[in-house]
Amino acid sequence: MLEKTYSPAQVEPRHYEKWEQSGAFAADTTSNRQPYTIMMPPPNVTGSLHMGHALTFTLQDVLIRYRRMSGRDALWQPGTDHAGIATQMVVERQLEAQKVTRHDLGRDKFVERVWDWKAESGGTITRQLRRLGASPDWAKERFTMDEGLSAAVRKVFVTLHRQGLIYRAKRLVNWDPKLHTAISDLEVEQREVKGHMWHLKYPVEGIDNTYIIVATTRPETMLGDSAVAVHPEDERFAHLVGKHVRLPICNRLIPIVADEYSDPTKGTGAVKITPAHDFNDFQVGSRHDLPLINVFDRDARTNDEVPEGYRGLDRYDARKKIVAAFEEMGLLEKIEPHTHMVPYGDRSGVVIEPWLTDQWFVDAATLAKPAIEAVETGKTRFVPKHWENTYYEWMRNIQPWCISRQIWWGHQVPAWYGPDGTFFVEETEAEAKAAARAHYGKDEPLVRDADVLDTWFSSALWPFSTLGWPEKTPELARYYPGDVLVTGFDIIFFWVARMMMMGIHFMGDVPFKDIYIHALVRDEKGQKMSKSKGNIIDPLDLIDKYGCDALRFTLSALAAQGRDVKLAEGRVEGYRNFATKLWNAARFCQMNQCHPVDGFDPKAVKETVNRWIVGKTAETAARVGTSIETYRYDAAAGGAYQFVWGTFCDWYLEFAKPIFNGADEAAKAETRATAAWVLDQILHILHPLMPFITEELWEQLASRGEALMLRPWPVLDGLADAGAEAEMDWVVRVISTVRAVRSEMNVPPSAQVDLLVAGLTSEKAAWAATHADLITRLARLSAFDRQAEASRIAQASSHGAAQMVVDEATLVMPLSGVIDVDKERARLDKEIARLDGEIAKVDKKLGNADFLARAPEEVVAEQRERRAEWATAMEKLREALERLSGA
RNA sequence: GGGCGGUUAGCUCAGCGGGAGAGCACUACGUUGACAUCGUAGGGGUCACUGGUUCAAUCCCAGUACCGCCCA
């Protein structure tokens, strides 16, 4: 016998271990089944499970469990990425506690330390994923720094370099002066900052007492100015174009140039140009062939390019000193408060400095072209579709991708430099040496490029590198391209776009057919969860409190397309209640000997209730399946919830009670078998959403040969039964009507009352006879007179009775002495008025010649039918009111 | 400034050309042997606003307002 309540904490680990150890998660490369592949977006190895992970992995697991049950050879490929900067920072922080820097250790020792850290702490998130019930093929787990994946990275780098799609160049990059590395545009966060606009006077050379005033938010960069720009059509400055200013402090002559970059409406209309420290100025500089004067070192301190007395200063100290000097010289026109956007490194939190360095770049624009086309032609499809706009927008304006990073943890650039700076890009050192020998005609010492590659470079290869590429493995042939990528919109640029580029370039085919973009998880007020706001909900806490299935079901139910997921704990509680409801329904079945019957054929059931529930079950299985296939998780969860609670528990099990307590042994046996069958189907249907409780019930309700998670998804054709549905719908309507009137007329639930029925059609009279027990019990009747004499109806009514109409039948509930006749009259009046209103609305439509002429026939017929039904009901209610007049 | 999304019951959200829906919350009643993590019943909405298309608009189109996100 099942326990009184379900205890997730005891059940979950047990099933998870069983599944994992039995190999239930594993794909079968040798099977004949059609593969279904999901590449898990590898979480950061330093990460721990947050609500965003819980959502994305729940959605992926729902898909993979459903497809596995549906007979596909399901591969959910798991793994983690090495998160270059983040991981290096974690280990550096540990070293810092021991007062050691990575430079003290040296590169090799440091990297060794990182691997040690990874071995010890890198498994946190994969352990937590197990608590979520995730069912990836753990045996295939990969790490972006694995030997195989690293080989793929080298191969891709060398190939792209040979194709001219990777090159080395001196360019401005986003330099992080704290981490001492370049970072990508995407890792730069633009923050609104309240700063100042300094107006500086630059003396025009050769004209006494004439100044040009430039406005800047970064006065310290004036040390690197190489021009002043004004708009070509700005008449205020036209006479100065071509002249020079003498740059204060530096005492350098720099030209005044005309360039449309200068906005006459902003600031003073003249703008200082610092090509080595500003991306826009860099463009202006290249248009006018201006020198690039780099005035900062890697710490963003002033270097030796600047005048003595200003060297070796932090950029903010330099700013103070320069502003003071301008003021002293009388060259500071004014200072205005100014709010503007300032770039910050998202990892280090310091202000990013555009800085001129040698870096490796990928020609992303070339790789983007076929990736754009793949979406345009529908080879890859975004769901919801509108996300393709975001993708196009970025891909069509894509910049060269800076892939080198000045850190130690990651894939070291496979390039070796000879003594004269010539470099050799090869997959191995031996090959580089050979290439160098060919170049120099003799062996020369080579030095490997110290930089490592952006983590996203290796992540971009994930859909094929994890399958063994560049080897031609059976996995690669079988599981590429993947069926769907499930991820959040925040990663479209970082990752999705790059996988598309690399997948198409190296595999000749897109990496996945669908890209399902889900929303962000927010708190119940719609705010982003963040540590600083203190509104973080830990998914593991919710699992502890309500069980994993409740959390999974909640996230699925809230995952409506195109909406953020606003998570309130109350929702989780509600779905925990749903789990309890299911548990108790199973318990009820068990108590009533509803055991699965071998060879049970749902098509062969005879009792109407059973034909009805069997049909509804089939409908639900199909609906939930279709919903999952179309990524309508909310509909899948809603459909299952509605059926289990609203149909199976609320009605079917209630209908079963009188049968179980009755004398018809055949009906009893059939109903027991049917209930057991339906419950089993429910367990199948709910399994992708709620794997643990369903597996537990599956195990406890009967002795089974296999785990539920490996059972086939129910395909139940030919079970729809319109007749049974019409019949049971009528029964439900009769019971609901009686209950509603009882409640409204304040008939206590404990009071059993008679019900007299008149005017049933012969079909419905038969239904009433069949279901007399059900109606009697569920409407709490003492007697159910299905063919009441007119005289008895009249007599009951005149003594005071509640009367109702269901279709063409009149139901009378004698309440002599109990009922408030005026109240009943009022109730009937109100009902009549309501019908009157409805009829008037329909009449208006039917009276419209255009409607009759232009609306489809079915619509017109439907309106007529509706009118007839309401008219009948109104007629019956009028008669009821009439009968009441004597009371 | 450019782009995208949203505005439907107190809250969170479905629906999306022909009778306004769900869950939660709320109110009343209720322990009838699965379940109070429950049952039964009920109240609650000019579907943001203004125009247009249509026989018919919450739904399609245009505009307005407000909210959110992304990019510059």
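In what follows, chains carry the letters A, B, and so on, assigned in the order in which the sequence lines appear, proteins first and then strands, with residues in each chain numbered from 1. Please read all numbers here as calculations on a predicted model, not as lab measurements.
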What about A:F382 and A:F489, are their ring centers closer than 6.0 Å?
no

Minimum-distance nucleotide (side-chain atoms of A:P856 versus B:G42, B:G18, B:U12):
B:G18

Remember a base hit wins even if backbone is also touched, and classify A:R780 as base, sugar-phosphate or nothing at under 4.0 Å, heavy atoms.
base

Does A:K657 make a side-chain N or O approach to OP1 or OP2 of B:A34 shorter than 4.0 Å?
yes

Would you mind pulling out the nucleotide paired to B:A36, Watson-Crick or G-U wobble, both distances under 3.5 Å?
none

By nearest atom, which of the nucleotides B:G18, B:G42, B:A20 is closest to the A:A740 side chain?
B:G42

Nearest to the side chain of A:R576, which nucleotide is it out of B:A34, B:G18, B:U37?
B:U37

A:C589 near the nucleic acid: base, sugar-phosphate alone, or nothing, with a heavy-atom cut-off under 4.0 Å?
nothing

Pair partner, B:C24 [Watson-Crick or wobble, under 3.5 Å]
B:G10

So, do A:W387 and A:Y391 have ring centers that fall under 6.0 Å from each other?
no

Taking atom NZ as the centre, does A:K385 end up with more than 12 heavy-atom neighbours from other residues, nucleotides or ligands that are less than 6.0 angstrom away?
no

Any strand is fair game: report the nucleotide pairing with B:U31 by Watson-Crick or G-U wobble, both distances under 3.5 Å, or none.
none

Complement of B:C69, any strand, by Watson-Crick or G-U distances under 3.5 angstrom:
B:G3

Taking only the C1' atom of each, what is the distance from B:U50 to B:G44 in whole angstrom?
28 Å

From the list B:A14, B:G39, B:G23, which nucleotide is the closest neighbour of the side chain of A:R632?
B:A14

Between A:E573 and A:W870, which has a closest nucleotide on RNA chain B that is more 5'?
A:W870

Looking across every strand, which nucleic acid part, if any, lies under 4.0 Å from A:R777 by heavy atom: base, sugar-phosphate, or nothing?
nothing

Pick base, sugar-phosphate or nothing for A:R866, based on heavy-atom distances below 4.0 Å to the nucleic acid.
base

